Each structure stands twice: as structure tokens, then as C-alpha cells.
Amino acid sequence: MSFVTIFYVILFYLAAIILFVGLGYRIYEYAIIPAPLKIPTPPAPKTIQGVAARLIREVVFFESLFSATKWTWLFGWLFHFALLLAAFRHLRYFTDPVWGWVSWEIVQAAGHYGGYVMVFGLFGLLSRRIFVDRVRYISSPSDYLMLILIIGIAVSGLMMKWFQTDIVAVKQFFLGLMYFKWAELPTDLVLLVHLSLVALLMIIFPYSKLLHAPGLFFSPTRNQTDTSRDQRHISDWAKKIESQK
Amino acid sequence: MAVKEFEKPTLKDYTSIPSVEKDATSHLAPFKSKEEFQSSLGYPGELVDNWQEIALDKMGDLLKKYRSLRVYLDSCMQCGACTDKCHYYLGTKDPNNMPVGRQNLMRGVYRRYFTLPGKYLPKLVGAVDFTKEVLDEWYSYYHQCSQCRRCAVFCPIGIDTAEISMAAREIMDSVGVGQKYCNEIIGKVHKIGNNLGLPEPALANTLEGLEEDVKDEINIDVKFPLDVKDSDVLLITPSADFFAEPHVDGLIGYAKVFHQAGISWTLSSHASEAANFGMFIGSYDNMRKLALRIREAALELNVKRIIFGECGHAWRVAYSFLNTLAGPFDFLDSRYPVPQHICELTYDLMNRNVLKFDKSANDDMTLTYHDSCNVARASNMGDILGGQFSVPRDIIKATVNNFYDMEEESIKEKTYCCGGGGGLLTDDLIELRMKGALPRMEALKRVVDDHGVTHMAAICAICKSQFSKAFQYYGFELDQIISLHQLVGNALIMNKKEL
Ligand code: SF4
Ligand code: SF4
């Protein structure tokens with residue numbers, strides 16, 4: 001195997017471990033920290049089903065963001081939705097045989113055009129950081145770099161349209177990673193850039209604001225039921241205080 | 001220290017988003033608490049020498065106790081959606097009063113000491129050392145947040161800046177930097193039972209005076225009972241209701257409702273305060289101790305129900321936290337929710353036709369209604385979805401002929417804070433309070449201009465006091481703010497039935 005292949009094999013194993021272990025550990029941490037008080041914001045649902053519906057509306061439509069600012073909502077929602085489409089398209093590199101619906105023309109095309117939409121949304125978000133004085137004030141270097149990193153991923157991905165690479169070999173490489181039958185990775189520059197940036201994103205995920213993804217599900221203002229009068233809600237540490245006195 | 005003159009904001013026809021003006025209110029900070037009040041709450045009297053170490057320990061401790069704090073410090077993507085949602089930013093233009101700006105003061109420290117990138121690449125992620133300057137900034141800006149949670153409604157992740165402000169105040173208290181106004185008041189409640197430090201004989205005296213006043217006015221013996229055992233209802237109301245205008249007219253309204261419905265009720269001298277400032281300083285311990293007084297009073301007086309008077313944050317603590325802090329309340333009558341709000345009582349009696357109103361008694365006024373932040377965004381009424389908005393409005397509509405809501409963006413869950421909540425209702429923060437009232441004043445001005453609104457009703461003691469000041473400041477009349485139960489009291493058709 002070539003040096004490049006070995007490098008990327010190690011890189012992706014490392015990135016995957018950091019992503020999954022790191023994220024799993026974060027989720028574990030969030031899950032065990034208690035929420036000692038009931039703090040849901042209105043309209044607060046009374047039931048678990050209501051909470052599920054609320055979270056689904058937040059995840060699918062970005063409901064709160066929509067009520068807050070239409071531009072950020074537009075750019076943010078387009079970016080995330082297009083990211084999902086692009087992810088669907090990429091499933092063909094990880095499944096063998098390729099799942100039926102992934103190979104549908106429409107899914108593949110949507111994934112491709114989704115790439116352009118992603119770039120559009122990301123530049124929208126970047127321009128808000130640059131031109132809206134309030135957003136500029138709160139932006140740290142990492143906020144810009146994060147957008148630039150994802151723009152880099154999207155653009156390098158789209159560029160492969162012109163700088164064709166051997167996608168069958170790429171697929172062999174990733175299947176090889178999954179089943180421990182390592183295969184050569186083509187060494188086209190654009191591909192290598194694309195893959196490096198993706199690995200970098202995976203590595204920083206558990207240490208960055210990308211934690212907003214699991215965070216939403218653990219946000220007490222959004223995931224609690226409004227049942228404080230009907231049921232006593234008490235955390236373990238508060239119970240200990242009670243038994244002390 | 002005299003309060004410096006400051007530039008008065010002008011009321012515009014629409015609420016506009018100002019450009020960022022760095023450090024516009026960095027000079028504002030409330031007076032610090034003195035040693036005696038600090039120690040009565042279990043905090044050091046002044047800034048301790050190794051404060052940084054203790055503060056970081058406390059922060060680590062809170063991060064393990066409050067999921068909100070941990071998740072909210074991690075999850076903000078600095079998207080900016082909240083930046084124009086805080087009334088203090090709109091009124092002061094200071095970027096640290098943007099909710100995310102305020103959070104970042106703590107987030108910078110959190111990242112520096114509790115996260116990997118902050119430890120090794122602080123500049124990249126906006127992490128900062130916890131220096132004395134940063135602590136001073138905390139003290140200033142975490143006391144420029146009324147914990148109103150308007151930002152939390154709009155944030156895509158639901159990040160609640162109030163949770164962060166509360167944690168910051170708890171951390172500061174733990175190293176000896178407390179706020180005078182809050183901590184003095186909490187000390188008084190621990191010692192005497194209410195925010196005013198009003199002892200039992202004085203309270204009894206005041207209530208007698210009220211009985212006489214009402215008797216003189218309507219020639220009916222409406223009682224204001226104190227410490228009467230075996231009453232049906234224990235009324236817990238903010239102590240401002242005993243004295244302040246327009247609060248006291250609300251108290252008279254509740255008494256008339258109880259009288260007319262034939263419900264026996266009592267106040268308690270042990271728990272003569274609905275307010276719970278323990279929440280403002282983020283102290284579970286203090287909040288719990290204050291809440292336990294209510295439980296003790298209910299047991300002692302052997303009542304069947306607990307009802308809260310008009311107070312915003314008190315209703316938050318009552319509705320959302322009381323069961324947690326001082327429950328279970330299985331010794332009370334299980335047919336009623338514990339606790340109830342006075343509006344829930346009136347609403348129910350009104351719907352059952354126990355109370356009848358003559359709306360024309362309020363015809364000299366045209367009303368609008370201010371949703372108090374803690375009622376609107378942290379509670380419910382009547383177990384109806386959105387009941388905290390509809391129940392008070394339905395009562396107003398049943399008792400007055402002329403009512404107009406302010407514009408959608410400024411009411412219900414999007415209501416603007418009065419500018420004086422969260423433990424900031426003190427004269428040393430008058431500049432902040434007046435500037436923070438701006439968005440509400442602008443929305444009010446529009447219904448005054450468009451519909452000839454003459455009065456604004458509220459159900460929060462802090463709102464009422466704050467608006468009395470802000471109204472004068474912005475060219476309205478002091479008495480244009482009134483208690484909701486004043487409307488009820490005016491319109492209630494009373495017969496001479498005696499208890
Ligand atoms: S809206 Fe929420 S995620 Fe966005 S900047 Fe504000 S606090 Fe952060
Ligand atoms: S809780 Fe209210 S006062 Fe505090 S930052 Fe949010 S909007 Fe501003």
C-alpha cells in the first residue's frame with residue numbers, strides 16, 4: 001500500500017474514534033447531569049409526545065430560529081437541508097450493494113445540486129458574520145474558520161465533477177475501512193483535500209460548537225414537560241439536601 | 001453615591017435595532033452586599049484571596065448539577081439570532097447585553113478552564129483567563145440581565161441566558177461578591193418573613209387599616225385575616241401588596257373575591273412574602289429555605305389550599321418550583337392544583353357565575369395588559385395551553401369594556417420585560433432600568449396613540465413598581481399602571497353576605 005493510503009487509513013480511523021467516542025461521551029455526560037428544576041419555555045407541552053413533536057419541529061423546521069430572524073433561518077435551514085441531501089448521495093460509498101433508494105436518479109441529483117445550495121447557505125451565514133455588526137461582535141476566529149472549513153468541504157466535493165476521480169476505488173477504500181480489508185486510495189489532489197477536511201471536521205466535532213446538534217435534545221427549555229404541579233420533579237442531589245436536614 | 005445623569009432614550013414609533021456601542025453601560029453595576037448580609041446567607045463577606053480557585057471549583061460543581069448550564073455553554077453556535085431580543089440591548093446598545101454577548105462572558109472562562117481547545121488555543125475560540133477584570137465584567141453584566149428568558153424563546157437551541165446569569169451570581173456570591181439589594185432582602189425574609197422586614201404587629205395593623213378603608217368605601221365588612229387557623233385558603237402575596245400603590249388595590253380586589261365567593265382565607269405572618277429572591281441569585285439553598293416557610297405556614301395554619309397573589313417571579317417559583325423545593329403537598333386538598341394563582345381562582349369563580357361584574361365601573365379607563373416575563377415564559381394558568389396569557393385577559397375582558405392588546409411581537413411569550421425584574425429593582429441601577437423599559441414603553445405608546453389606551457394592567461409586584469417610575473420618566477402618568485385585581489375589585493358586584 002502506498003504511503004498516502006496508509007496515512008488516510010490511520011487518519012480516518014482516528015477521526016472516527018474521536019468522533020464516535022467523543023460524541024458518545026458528551027452525550028453520556030449530558031444524560032447524567034440532572035436538570036433540577038422545571039424550566040420549559042412556552043408553548044410547553046404537557047406530555048412526552050408533545051415534547052417529541054416540539055423537538056421534531058425544531059429539528060426539521062428550525063421553528064424557534066424562524067421566529068427569531070428570517071435571514072439566518074433561510075441560510076441556516078438551506079445549509080442543513082442540503083447537507084442532508086448530500087449525505088444521502090454519499091451513502092453509495094458506504095453500502096454494498098447500494099441501498100435501492102440511494103441509487104435513485106433523484107436522490108443522486110438532489111445530492112449533487114444540494115452541494116451548490118450548501119455553498120449558497122454557507123456564504124449567506126458568512127456574510128451575516130461579516131456584515132451584521134452584532135453578529136460580527138460575537139464571532140471569534142473559530143466561528144469563521146468553521147464556516148470556511150465546511151465551505152471547503154462542499155466546494156472540493158463539487159469540484160470532483162470536473163476533476164474526475166476513480167470513484168469505484170474510493171468506494172473500495174471506504175468499504176475496506178469498514179470491513180478491515182484495506183484498499184488503495186486514488187491520489188487525486190481534490191479528493192485528498194476533500195477527505196482531509198472531512199476528517200478534520202470529524203475530529204473537532206466533539207470539542208466545538210457543533211455540539212449544538214446533541215445539545216438541542218438535552219436542552220431543558222425544550223425537552224421538559226410542563227407538569228410541575230402534577231408531579232414532583234426532584235434531582236438526586238436535591239434529595240440529598242432534603243435528607244440532611 | 002449619586003446616580004449620574006444619563007441620556008434619555010426617545011420613544012420611537014417602532015422598536016428599532018440599534019448599532020453596537022461597545023462599553024455603553026460598562027459603568028453600571030449595583031451596590032455590593034456588605035459583610036453582615038453576605039454571612040447571613042452563608043457567603044464570605046468580601047472577595048476572598050484565592051477567589052479564582054474557589055470560583056472555578058464552584059463553576060465545576062454547578063456544571064455537574066445543572067444540565068442547562070453545561071449544555072448551554074457547549075451548544076451555542078454564535079448564530080446571532082438572540083442578539084436583538086434583549087430589552088437591555090435594545091435600550092443600552094451595549095453588545096454585552098446581547099444575550100449571547102452576556103453568555104460569552106462566562107463561556108470564555110468555561111472554555112479556558114474546562115475545554116481542550118480553550119486550554120491550548122484560547123485565542124482561536126474566544127477563551128479568556130479568569131482575571132479580576134473579567135470578574136468585574138461579570139458583576140456588571142450579570143446584573144444587567146433580568147432573567148426574563150425572552151432570548152430563550154428565540155434561540156434555536158433554547159439557550160436560556162437566565163440560567164447562566166443565575167449561575168454567575170451564585171459563583172460570585174461564593175467568593176464574596178454579592179449584590180446588596182437581593183442579599184439584604186433575602187436576609188430579611190429568613191429573619192422576619194418578608195422582603196420589607198415588616199414584623200407581625202405592623203402587618204396586623206396594616207391589614208386592620210385596610211379593613212376600615214374598604215368599609216368606609218363600600219360599607220361592607222371585607223376581612224383581611226392574618227394567621228387564622230383552619231382557613232380554607234392560605235394567601236401568599238408579595239409584601240408590596242400591603243403598602244405600595246397600585247399593588248394594594250390588587251390586594252383589596254383579592255379580598256373582595258374571597259368575600260363574595262364565601263371562601264375563608266388567611267395571610268400568614270410567618271410566610272408574609274410571595275417573592276423568592278433566592279431564584280435571582282441562583283441559589284437553590286436559599287430559594288428552598290424561603291419556599292419552606294410557605295410549607296411551614298400551610299401546615300401550621302392547617303389550610304386546604306395555597307393561592308398566590310399577583311407577583312411574576314413568585315409565580316414562577318410557585319408554579320414551576322414549589323413542588324420541587326418544598327413538596328410534596330399531599331396534606332392539602334387534592335382537588336385543587338398546588339399552588340394556585342389568584343387569577344385561576346377568579347377565573348374559575350367567574351366561569352361558574354359565582355362572581356358577577358358590572359363592567360361599566362371601569363368605563364373611565366381603556367386598558368392594555370402587560371404580560372410579566374416570569375408568568376408568560378415560566379408558568380401556566382388554568383392547565384390550558386397558553387392559559388397564562390388567556391386567563392388574565394379573559395378576566396380583564398369580563399371586567400372592562402375597553403381593552404386593546406399591544407402588538408404581537410411585544411406580548412405573550414414574546415413579551416418585553418418591564419426592565420426591573422431579576423433583582424434589579426433598585427435605585428443604584430436606575431439608568432439600566434429606564435433604558436431597559438424602552439421597548440415596552442414604545443409598544444405602549446403605540447396603543448396609547450392608536451386606541452386611546454389610558455391604563456396598563458399587570459400581575460407582578462416588580463412590574464408595577466418599575467412602571468410607576470418608568471411611566472413618569474417617559475412622560476406617562478404614574479397611576480396609569482394598575483393591578484389586575486383592582487379592575488376585578490372595581491367591577492365586582494358585591495352583596496352584603498357576611499362570612
Ligand atoms: S440564538 Fe442561541 S445559539 Fe444563537 S447566538 Fe444566541 S444563544 Fe447562541
Ligand atoms: S434573560 Fe432577558 S434580560 Fe437576560 S439576556 Fe435574556 S433577554 Fe436579556
Side-chain angles (χ1 to χ4, degrees), chain A residues 26 29-30 33-39 41-46 58 62 64-65 67-69 72-73 76 125 128-129 132-143 145 204 207-212 214-216 218-223 226 228-235 237-238 241, chain B residues 17 19-20 22 63-68 70-72 74-85 95 98 100-101 104 115-117 123-126 149 152-160 163 284-285 288 319-321 323-324 327-328 337-339 376-378 380 385-386 388 412-413:
Chain A
R26 287 283 179 267
E29 283 183 308
Y30 294 169
I33 306 174
L37 294 165
K38 282 274 192 179
I39 60 166
T41 48
K46 281 246 155 213
E58 287 294 354
F62 298 6
S64 299
L65 185 57
S67 71
T69 132
T72 309
W73 175 83
L125 292 173
R128 281 190 61 78
R129 275 207 195 285
V132 179
D133 66 341
R134 285 166 286 127
V135 191
R136 187 168 62 232
Y137 180 85
I138 55 172
S139 300
S140 63
S142 60
D143 296 317
L145 290 175
I204 60 179
Y207 296 98
S208 69
K209 61 176 182 170
L210 300 181
L211 287 171
H212 68 270
L216 172 61
F218 290 96
S219 171
T221 54
R222 297 289 191 263
N223 78 1
D226 178 18
S228 48
R229 286 196 293 190
D230 321 327
Q231 258 167 20
R232 188 153 189 245
H233 171 90
I234 182 132
S235 65
W237 62 258
I241 300 180
Chain B
I17 305 168
S19 309
V20 166
K22 223 171 158 309
L63 284 165
K64 289 200 188 76
K65 280 183 162 173
Y66 290 89
R67 190 200 306 141
S68 52
R70 174 68 202 276
V71 169
Y72 293 159
D74 273 349
S75 303
C76 174
M77 54 262 194
Q78 310 283 317
C79 73
C82 60
T83 51
D84 57 347
K85 302 299 182 253
M98 303 188 300
V100 50
N104 283 351
T115 73
L116 209 61
K123 286 258 158 49
L124 184 71
V125 293
R149 318 213 302 152
V153 166
F154 292 98
C155 171
I157 308 300
I159 294 178
D160 181 357
E163 291 291 302
Y284 194 96
D285 263 353
R288 176 165 171 271
Y319 176 89
S320 294
F321 307 158
N323 199 4
T324 299
V338 183
R377 285 188 280 265
N380 182 270
L385 189 68
Q388 72 273 37
K412 300 185 179 168
E413 73 271 13

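Naming convention: chains lettered A, B, ... in sequence-line order (proteins, then strands); numbering from 1 in each chain. None of the values given here were measured: they were computed from a predicted structure.
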Could you tell me whether a side-chain N or O of Arg232(A) sits under 3.5 Å from a main-chain N or O of Thr324(B), the two making a donor and an acceptor? yes
Under 3.5 Å, side chain of Arg134(A) to main-chain N/O of Ile17(B), donor-acceptor pair present? no
Of the backbone (N, CA, C, O) and the side chain (C-beta and beyond), which part of Leu210(A) lies under 4.5 Å from a heavy atom of chain B, both, or neither? neither
Tell me which of these, Ala152(B), Gly101(B), Gly386(B), Cys82(B), has more heavy-atom pairs under 4.5 Å with chain A than the rest. Ala152(B)
Could you look at Met77(B) and say if it's the side chain, the backbone, both or neither that has a heavy atom under 4.5 Å from chain A? both
Taking Arg229(A) for its side chain and Tyr319(B) for its backbone only, find out whether a donor-acceptor pair lies under 3.5 Å. no
Checking Ser139(A) against chain B: side chain, backbone, both or neither under 4.5 Å from a heavy atom? neither
Heavy-atom pairs under 4.5 Å with chain B - which of Arg222(A), His233(A), Lys38(A), Gln231(A) has more of them than the others? Arg222(A)
Looking only at heavy atoms and a cut-off of under 4.5 Å, which of Gly215(A), Ser142(A), Ser208(A), Ser140(A) has the most pairs with chain B? Ser142(A)
Quick one: side-chain hydrogen bond (donor to acceptor under 3.5 Å, both in side chains) partners of Lys65(B), sequence neighbours excluded? none
Beyond-backbone contact of Lys46(A) with Asn380(B), side-chain heavy atoms, under 4.5 angstrom: no
Please answer whether the main-chain N or O of Phe321(B) pairs with a side-chain N or O of Ser228(A) as donor and acceptor at a distance below 3.5 Å. no
Options Thr41(A), Asp133(A), Ile33(A), Leu37(A), ranked by heavy-atom pairs under 4.5 Å with chain B, top entry: Ile33(A)
Looking at Leu63(B), Val153(B), Ile159(B), which has the largest count of heavy-atom pairs under 4.5 Å with chain A? Val153(B)
Identify which part of Lys123(B) has an atom lying under 4.5 Å from any heavy atom of chain A, answering side chain, backbone, both or neither. backbone
Distance, nearest 0.5 Å, that separates OG1 of Thr83(B) from CZ of Arg128(A): 7.0 Å
Residue from Val135(A), Asp226(A), Ile234(A), Thr72(A) scoring the most non-hydrogen pairs under 4.5 Å with chain B is Asp226(A)
Taking side chain to side chain contact (heavy atoms under 4.5 Å, CB included) as the definition, give me every residue that meets it alongside Ala81(B), ordered by chain and number, with sequence neighbours left out. Leu65(A), Ala68(A), Thr69(A), Cys79(B), Pro156(B)
Side chain from CB out, backbone as N, CA, C, O: work out which of these in Arg129(A) comes under 4.5 Å of a heavy atom of chain B, or both, or neither. side chain
Within-4.5 Å side-chain heavy-atom neighbours: Lys22(B) and Tyr137(A): yes
